[in-house]
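Notes follow the structure.
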Amino acid sequence: MRVLVAAEGPVDEVVLGMLRQRVGAEVTYKTFQSRGIDQVLRLATDVVRAAHFGGFDLLVIHADADDSPPHQPAHVEARCRVCRLEACVATAMPTLRDIGRASPLRTVVAVPCQSTDAWLLWGRDDGAPTAVEQRHRHDVKRALFGERKSGHEAAALGWVGQLRDRLDRGEMPPEALQRVVLAVRR
Amino acid sequence: MLKRLRVQGYQTLVDTELLLTPFTLLLGKNGAGKTALLDAIARVASFARGGPKLMFGPAPVDIDLRRTNGHGGRLPLSFEVDFDFGQTLYRLRIELPVKRGSADPGVENVRLVRLPANEVVHLLPPVIPGQPPQDPAEYNKALASVATARVFDLDPRQIERPCDEHQSGLRRDGHGVASFLANLPPDRLRELEDRFKRLRPGTVALKVWGGDASQVYWGVQDTDAGDWSIPAPLLSWGDRLLVGMLCALFSSSPGALVGFEEADRGFHPSRYQAVVELLSEATEIGVGTDGPVQVIATSHSPALVSRFHDRLDELRLVTRKGSEGSRVHSVADLVKARLGVDRTTAPIGDVWAMDLLE
Ligand SMILES: [Zn+2]
């Protein structure tokens with residue numbers, strides 16, 4: 001299975017590397033170069049096209065939830081990031097020309113928690129998986145980076161190793177991360 | 001106009017072809033080969049001006065300019081350009097058999113041929129068909145048109161520097177702006193100044209003044225500074241670069257190719273539009289020249305590249321994978337192939353920066 005993961009930043013990129021391990025898929029990353037939901041929404045249509053014409057089986061669009069209200073099934077809510085991204089994907093899909101694919105492109109919109117960086121806290125053993133995922137994104141940033149204004153990416157890459165170690169030891173991943181992995185498996 | 005460049009065995013250009021338009025913007029990651037392409041154009045122009053010694057510096061050349069092919073052998077080093085001059089299409093091919101320690105780089109083979117009228121652009125043709133010009137004068141004129149191409153790698157710290165009033169010409173890095181301005185006829189200086197005023201509101205005049213010996217300095221008089229001139233080193237990087245670009249354009253001849261390495265570097269993004277408009281106008285009607293010039297520039301900036309959202313035909317993506325050598329792709333073709341559309345939904349610079357074209 002070939003999976004295209006479009007994610008917001010280098011932290012997500014490495015965290016999502018676990019999809020490769022856990023799902024055993026061939027994973028290609030594309031990073032939204034400037035962060036923020038507006039950029040993700042702006043590029044979503046082109047990302048869907050790239051996945052379709054690139055012959056990928058599955059597209060995962062992954063973004064931080066920030067202040068998005070929690071998505072619910074049959075939700076239509078203007079501030080909900082899942083709703084907005086799914087609307088983008090739904091608009092783009094019917095415009096895709098048939099190129100003789102074996103099966104149509106599948107898509108997963110993953111907006112698992114306020115800040116994906118929360119998983120790094122769990123990697124550092126800074127709290128229980130559910131607890132860290134429910135922390136406010138500003139709180140997560142403060143706990144990880146303190147007052148540091150720069151060097152976030154380099155620091156995060158260091159903690160990703162710890163996160164990976166815990167997962168490799170077979171520990172139960174944070175719930176939202178697990179949901180992403182399950183969605184991809186399905 | 002230069003229509004096509006093919007280079008073999010030079011830096012990352014193992015066997016690389018570039019098709020050019022009146023305005024060509026090269027984008028690509030660091031190390032992909034954008035600079036090598038501009039360099040190759042500059043070297044072909046140097047060759048046309050003064051032969052192989054000017055192309056690669058004075059002898060003795062104790063380096064082997066040819067790349068290895070990875071199997072202990074050497075790739076041929078050659079430069080080939082297709083260009084039109086008058087109504088005729090020509091192809092110039094320079095092959096260099098440079099050997100280690102040789103006292104003179106030498107040229108094994110230089111051929112200039114006429115091409116059939118509509119034969120432009122094929123991808124990597126094997127050799128050069130066509131008829132050699134019969135008349136030596138035609139040969140020289142055609143070669144002279146290639147010699148007018150120049151490539152700039154403008155550096156604000158060089159642009160600001162005073163220089164000898166007799167320094168001839170603007171250097172690749174922009175050194176020599178002061179003497180260029182000092183030696184411009186008054187009406188041409190006014191014309192350049194008017195241009196600059198449009199790019200930098202508040203400008204009253206461009207000023208040139210003498211110092212010790214025969215050094216000349218330049219600066220800007222503006223409404224805030226009253227009677228005083230702001231010396232070039234106190235101007236913003238963007239202001240200095242704009243003056244450098246204007247001097248580069250004003251010092252060109254109509255029809256010449258003018259290259260700008262990293263056209264976005266040193267500019268605040270709010271000025272990208274002005275830069276693109278200036279260079280576009282140079283290719284459409286000319287800026288300081290009695291006719292359009294050809295422009296080739298490189299850029300790293302998605303924001304600048306996005307200014308070409310509706311001008312995809314002018315964009316070339318330079319890529320290099322492993323030891324494969326640089327490849328140049330038409331962005332319009334890539335958008336069609338990778339995304340199945342003629343235009344991206346998001347700005348083209350963002351789509352490129354996200355690697356959706358590769
Ligand atoms: Zn929703």
Side-chain angles (χ1 to χ4, degrees), chain A residues 2-10 12-14 16 26-56 59-63 84-85 87-101 104-105 107 153, chain B residues 25 27-32 34 262 264-265 267-270 272 298-313 315 317-322 327 329-358:
Chain A
R2 291 181 65 220
V3 181
L4 180 67
V5 176
E8 264 188 287
D12 303 344
E13 194 176 318
V14 184
L16 285 163
E26 180 196 330
V27 184
T28 302
Y29 296 114
K30 301 287 179 185
T31 310
F32 297 101
Q33 289 297 309
S34 60
R35 303 191 69 167
I37 192 64
D38 290 337
Q39 181 74 348
V40 176
L41 287 165
R42 228 185 333 266
L43 279 153
T45 304
D46 293 310
V47 167
V48 170
R49 294 182 166 281
H52 172 77
F53 288 99
F56 289 92
L59 167 67
V60 180
I61 300 178
H62 179 268
R84 292 173 77 186
L85 279 166
C88 275
V89 172
T91 313
M93 292 295 279
T95 70
L96 302 175
R97 178 162 44 83
D98 181 25
I99 50 165
R101 297 173 52 109
L105 174 71
T107 58
E153 288 168 18
Chain B
L25 185 70
L27 44 147
K29 298 192 178 97
N30 284 327
K34 303 185 300 296
E262 290 187 54
D264 49 74
R265 186 180 51 199
F267 286 110
H268 189 271
S270 63
Y272 288 166
T298 67
S299 177
H300 283 113
S301 159
L304 185 125
V305 170
S306 288
R307 307 280 169 192
F308 288 77
H309 188 77
D310 296 317
R311 300 166 58 175
L312 296 187
D313 292 344
L315 297 180
L317 177 66
V318 187
T319 61
R320 184 160 72 101
K321 292 202 174 81
R327 293 189 59 197
H329 315 260
S330 142
V331 168
D333 289 351
L334 286 178
V335 167
K336 278 194 193 80
R338 303 274 187 270
L339 305 177
V341 281
D342 293 330
R343 285 276 179 285
T344 55
T345 305
I348 184 65
D350 292 343
V351 172
W352 159 60
M354 201 181 165
D355 263 356
L356 295 182
L357 302 178
E358 292 190 35

Proximity breakdown for Val47(A) and chain B, heavy-atom pairs closer than 4.5 Å: both
Under 4.5 Å from a heavy atom of chain A, the part of Pro347(B) involved: side chain
With 3.5 Å as the limit, can you list every donor-acceptor pair between chain A and chain B, backbone and side chains included?
unit_1, atom_1, unit_2, atom_2, d
Lys30(A), NZ, Asp355(B), O, 2.7
Gln33(A), NE2, Ala353(B), O, 3.3
Asp46(A), OD1, Thr345(B), N, 3.0
Asp46(A), OD2, Thr345(B), N, 3.1
Asp46(A), OD2, Ala346(B), N, 2.7
Arg49(A), NH1, Leu339(B), O, 3.2

Atom of Ala50(A), atom of Leu356(B) and distance for their closest heavy-atom approach: CB-CD2, 3.9 Å
